[in-house]
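Whatever order the structure lists them in is the order used to number ligands and atoms, beginning at 1. In this chain, residues are counted from 1 in sequence order.
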Amino acid sequence: MDPSETPFLKKSRFTQFLVGKNGLDESGFKEWIFYPGMLFQAVDKWWGNRGKRERPHEGLDLCFYKDREDRILRLGEKTKIPVLYDGFVVRVMDDFIGKSIIVEHPPHKNEYLTFCTIYGHTNPDRDLKVGQTVKEGEILATLARPTKSQRNVPPHLHLSIGWVVEKISYQNLYWETMSMTRTFKWIDPIQVI
Ligand SMILES: [Zn+2]
């Protein structure tokens, strides 16, 4: 199978859950705001010196949103992060701000491909364990706080979604190797949130 012929993906209620569980509806959440460097496959950074990224962006960065009075607000530290679909946790690994959590979603699996979502720059819940089953909308983590040397990076969620196209063992996955190999066929998260 040509991995570019990816199966249809159901829209997730991720935004609805995130807004509800963090009380953002009280300030009247209207929509996400994305600057060009935040988008899928962007080559530029949107923070700090705005130089080039090391590699095209494997996902989408969520940080800013608009309220009903068209004010632009930012996700706070400790924003609770819900999971997009039912699934189970397969990996927790370091990233450059916090941890990344990989969740596999059997409902979307087919005989060739396994569907996963990844939640980066987070602090996983203390009880979160590899192998644990999670239900759509369940809170996995909170946003991680950038370190002092990352003062120019606001807390944000890096969301990646994609199909695993090679047989892998999750415990050997790291961001560096994931981006160098063709383990994942990434797709644009904007279409499902
Ligand atoms: Zn990112």
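Between Thr122 and Leu140, the closest side-chain pair of non-hydrogen atoms is not below 4.5 Å.
Atom OD1 is the N, O or S atom of Asp61 at the shortest distance from the Zn ion (ligand 1).
By the 4.0 Å N-to-carboxylate-O rule, Arg53 lies close enough to Asp61 to be salt-bridged with it.
Under the 6.0 Å cut-off for aromatic ring centres, His158 and Trp175 qualify, their centroids lying closer than that.
The ND1 atom of His158 and the NE2 atom of His57 subtend an angle of 100° at the Zn ion (ligand 1), given to the nearest 10 degrees.
With a cut-off of 2.8 Å, the Zn ion (ligand 1) has no N, O or S atom of His156 in range.
With no hydrogens or angles considered, a side-chain donor-acceptor pair links Asp95 and Ser100 at under 3.5 Å.
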